[in-house]
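Input: a single structure, listed below in structure tokens.
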Amino acid sequence: MIFYALCDANNFFASCERVFNPSLNGRPVVVLSNNDGCIIARSEEAKRLGIKMGEPLFKARETIERHGVAVFSSNYQLYGDMSHRVMNTLKQFASAEIYSIDEAFLNFEGIPLETMQEYGKQIVRTVKRNTGIPVSLGIAPTKTLAKVASKLCKRYPKLEGCCLMYRPEDITKVLSTFPIGDVWGIGRRYSKMLKSHGVETAEQFRRLTPEWVKAKMSIVGLRTWKELHGEACIEFEHKTPDKQSITVSRSFAKELTEIEPLQEAISTFTAMVAEKLRKQHSVAGQMQVYIFTNYHREGSPQHYEGRLVQFLTPTESTLEMVKAASAALKELFRKGYGYKKAGVILYDIKPNTGIQATMFDEIDRPKHKALMQTIDTINAHHGRSTIKVGSEGEVHQNRNHTSPRYTTEWSDILVVKV
DNA sequence: TCTGGGGTCCTAGGACCC
DNA sequence: TCTGGGGTCCTAGGACCC
């Protein structure tokens, strides 16, 4: 039997803030989305106060003030770096498939069943010691069951962060009290639909016929059903697949009514998205530029529109993309609207090897390529935007609760007083 | 006053081809 | 009067994940 382990960092962003600021231990902590809009991470204490995932900050304001909740703007430099550290530790124990910033599947093939539980606990202890981040490890015969097991760790502290689940009678027992909506692959819609048919737990879901599940939830739902029955359908990915689309988008602190600041924002997003593209050694054939008014404001005029740009020759050049994005924005922009959000998406992404140039290509590709490489190298060494395109500008966002970039900026490193 | 950002996959229906 | 069948590609929309 093959075993999958899922390692999930507990309240990851909140835990990252705590590593460098121990006075936060025991206190409720929340981390905000970009622009300080929503709450996107909560410590256990904050969850117990009833603060919800995705809740707008202003709605939780009263609870926050009453209970002295510590509030942080998101600090992705810190979280990204801490994520690296956690993943590198995990890779010392087993081959790892990084699933998200705070989760990884581990391939436990070949580890003897008798030692598996202890091995798991050792991983949890080592990650905590090396990085300061608490993690939960669930081990089971399928990825979906491993996810269930990892959630049990959080429910039962005596498991010491590691739960091995494989005996059919144990699985049945666990699933009969496991809410259907907490199963990986069952979202809000399906959860509601299943409940309307009397299915409240994962075990009740398992007892449905596969025909019914497939008819109502397509082959994706059927796959979840099989996985809960112990049949592994979602395999271990040995290498990270290239992205098929890459996005950069942001909301703004204030609504933008003029085209100039939007131009600057779009240029900045385009440069960022192009850099991500080159990082995975790809080129893009299509680019979408879009702008949004504030759809939360009823009564004010709304405009949402995107333009799809086709590149005759797939490109990786920031210069070419910025020029095209700028032209697209000019077509989109309408006077008299307040724009709250904008973004750039790249599609039709392929490896950058063997690009077929068209006959009337006006761009000196080798020259652009060399320029981009130079810019990327300099920016990697000296910090983002050391070199940028002239039309890029500051994107104004709310960030009123930032923590230091403890691990990635010399000026922000903690000083130990003796 | 204040509401995130970045992804994937599947299905259905229409266009189009032979 | 009778009006096929099979395949591919594209897109929009809907579901999900973190």
Side-chain angles (χ1 to χ4, degrees), chain A residues 6-13 30-41 52-62 64 71-76 79-80 83 97-105 143-144 147 150-151 180-194 213-224 227 233-234 237 240-255 269 272-273 276-277 280 285-286 288 290 292-298 300 306 308 310 338 340-349 395 397-401:
Chain A
L6 175 76
C7 183
D8 187 347
N10 304 342
N11 319 318
F12 182 56
F13 297 169
V30 298
V31 177
L32 305 177
S33 62
N34 255 309
N35 210 29
D36 289 350
C38 294
I39 289 159
I40 56 162
K52 301 218 168 45
M53 175 69 178
E55 192 173 359
L57 175 61
F58 71 92
K59 285 190 182 167
R61 192 70 87 180
E62 204 198 307
I64 285 172
V71 178
F72 292 94
S73 298
S74 43
N75 183 344
Y76 282 99
Y79 311 149
S83 172
E97 172 198 334
I98 297 172
Y99 178 69
S100 73
I101 194 163
D102 70 336
E103 278 179 56
F105 287 103
K143 282 184 169 180
T144 305
K147 280 266 201 182
S150 82
K151 290 201 180 180
I180 186 61
D182 288 356
V183 172
W184 190 41
I186 310 290
R188 270 218 319 277
R189 299 304 270 263
Y190 281 153
S191 184
K192 198 172 159 197
M193 185 276 288
L194 288 166
V213 173
K214 188 176 175 198
K216 292 277 190 184
M217 302 166 70
S218 87
I219 61 165
V220 185
L222 183 60
R223 204 170 57 189
T224 300
E227 284 247 322
C233 305
I234 311 172
E237 302 268 1
T240 328
D242 281 350
K243 300 249 182 290
Q244 300 169 39
S245 72
I246 304 179
T247 308
V248 171
S249 71
R250 294 287 182 278
S251 346
F252 309 121
K254 292 197 180 110
E255 292 175 12
F269 300 162
M272 289 164 80
V273 88
K276 287 189 188 180
L277 179 75
Q280 74 162 32
Q286 293 182 330
Q288 171 139 46
Y290 63 89
F292 262 46
T293 48
N294 187 350
Y295 50 86
H296 292 291
R297 254 175 64 171
E298 286 169 36
S300 62
L308 192 64
Q310 292 275 355
K340 184 65 179 168
K341 183 175 174 176
V344 179
I345 314 175
L346 300 180
Y347 297 111
D348 190 17
I349 291 173
V395 178
Q397 290 201 286
N398 292 319
R399 296 187 61 80
N400 300 321
H401 310 273

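Since this is a predicted model, take the numbers as computed values, not measurements. By convention in this document, chain letters (A, B, ...) are assigned in the order of the sequence lines, proteins followed by strands, and residues within each chain are numbered from 1.
Rounded to an integer number of Å, the gap from CD of A/E255 to P of B/dT3 is 9 Å. Taking atom CG of residue A/N398 and atom C1' of nucleotide B/dT1, one finds them 11 Å apart after rounding to whole Å. Summarising the geometry, the separation between CD1 on A/I349 and C1' on B/dG7 is reported as 11 Å, rounded to the nearest angstrom. Regarding A/K341, its NZ atom lies at a distance of 16 Å from the P atom of B/dC2, rounded to whole Å. Atom OH of A/Y295 is separated from atom C1' of B/dG5 by 11 Å (rounded to the nearest Å). In this structure, CG of A/L346 is placed 17 Å from C1' of B/dT8, rounded to the nearest angstrom. If you measure from atom CD of A/E97 to atom P of C/dC17, you get 16 Å, rounded to the nearest angstrom. For the pair A/I101 CD1 and B/dG4 P, the computed distance is 19 Å after rounding to whole Å.
When heavy atoms are screened at a 4.0 angstrom cut-off, A/V273 is found touching no nucleic acid atom at all. Backbone-only contact: A/R250 has heavy atoms under 4.0 Å from sugar-phosphate atoms and none from a base. Backbone-only engagement by A/S245 is indicated by non-hydrogen atom pairs under 4.0 Å involving sugar-phosphate atoms exclusively. Residue contacts shown for A/K147 are limited to sugar-phosphate atoms, with no base heavy atom under 4.0 Å away. A/E103 comes within contact range of the sugar-phosphate backbone alone, with a heavy-atom separation under 4.0 Å but no base atom that close.
Between A/T247 and B/dG7, a side-chain N or O to OP1/OP2 separation shorter than 4.0 Å is present. Checking the phosphate oxygens (OP1, OP2) of B/dG6, a side-chain nitrogen or oxygen of A/S249 falls inside 4.0 Å.
Among the nucleotides B/dG7, B/dG4, C/dC17, the one closest to any side-chain atom of A/K276 is B/dG7. Of the candidates B/dC2, B/dG7, C/dC18, the closest approach to any side-chain atom of A/F58 belongs to B/dC2. When distances run from any side-chain atom of A/D102 to the nucleotides B/dG7, C/dC18, B/dG4, the shortest one goes to C/dC18. Ranking C/dC18, B/dG6, B/dG4 by closeness to the A/Y76 side chain, first place goes to B/dG4.
A donor-acceptor pair is defined here as one N or O able to donate and one able to accept, closer than 3.5 Å; such a pair exists between the side chain of A/S83 and the backbone of A/I101. Remark: the backbone N or O of A/G338 is not paired with any side-chain donor or acceptor of A/T293 at under 3.5 angstrom. The backbone N or O of A/L32 lies less than 3.5 Å from a partner atom in the side chain of A/S74, making a donor-acceptor pair. For A/E227 (side chain) and A/T144 (main-chain N/O), a donor-acceptor pair under 3.5 Å exists by modelled atom type. Of the possible polar contacts, one joining the A/K276 side chain to the A/T247 backbone as a donor-acceptor pair under 3.5 Å is found.
In terms of the ring pair (Phe, Tyr, Trp, His ring centres under 6.0 Å) criterion, residue partners of A/Y290 (sequence neighbours excluded) are, by chain and number, A/F292. Scored by the side-chain hydrogen bond (donor to acceptor under 3.5 Å, both in side chains) test, A/Y190 finds no partners at all (sequence neighbours excluded). For A/F269, there are no ring pair (Phe, Tyr, Trp, His ring centres under 6.0 Å) partners two or more places apart in sequence or in a different chain. The ring pair (Phe, Tyr, Trp, His ring centres under 6.0 Å) test applied to A/Y79 returns A/F13, A/Y76, not counting sequence neighbours.
For the residue pair A/N35 and A/N398, the shortest heavy atom distance occurs at OD1-N, 2.7 Å.
Secondary-structure stems of DNA chain B, taken as three or more successive Watson-Crick or G-U wobble pairs (i with j, i+1 with j-1) under a 3.5 Å distance threshold, comprise B:5-18 with C:5-18.
If A/I246 and A/D36 are placed on DNA chain B by their nearest nucleotide, the residue sitting closer to the 5' end is A/D36. Two residues, A/R297 and A/I345, neighbour DNA chain B, and the one matched to the more 5' nucleotide by heavy-atom proximity is A/R297.
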Between the protein and nucleotides 9-16 of chain B, which nitrogen or oxygen pairs are less than 3.5 angstrom apart?
from: B/dC9; atom 1: OP2; to: A/Q244; atom 2: NE2; distance (Å): 3.0

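Using a 4.0 Å cut-off between charged nitrogen and carboxylate oxygen, A/E237 and A/K143 do not count as a salt-bridge pair.
Between the C1' atoms of B/dG4 and C/dC17, the separation comes to 15 Å (whole Å).
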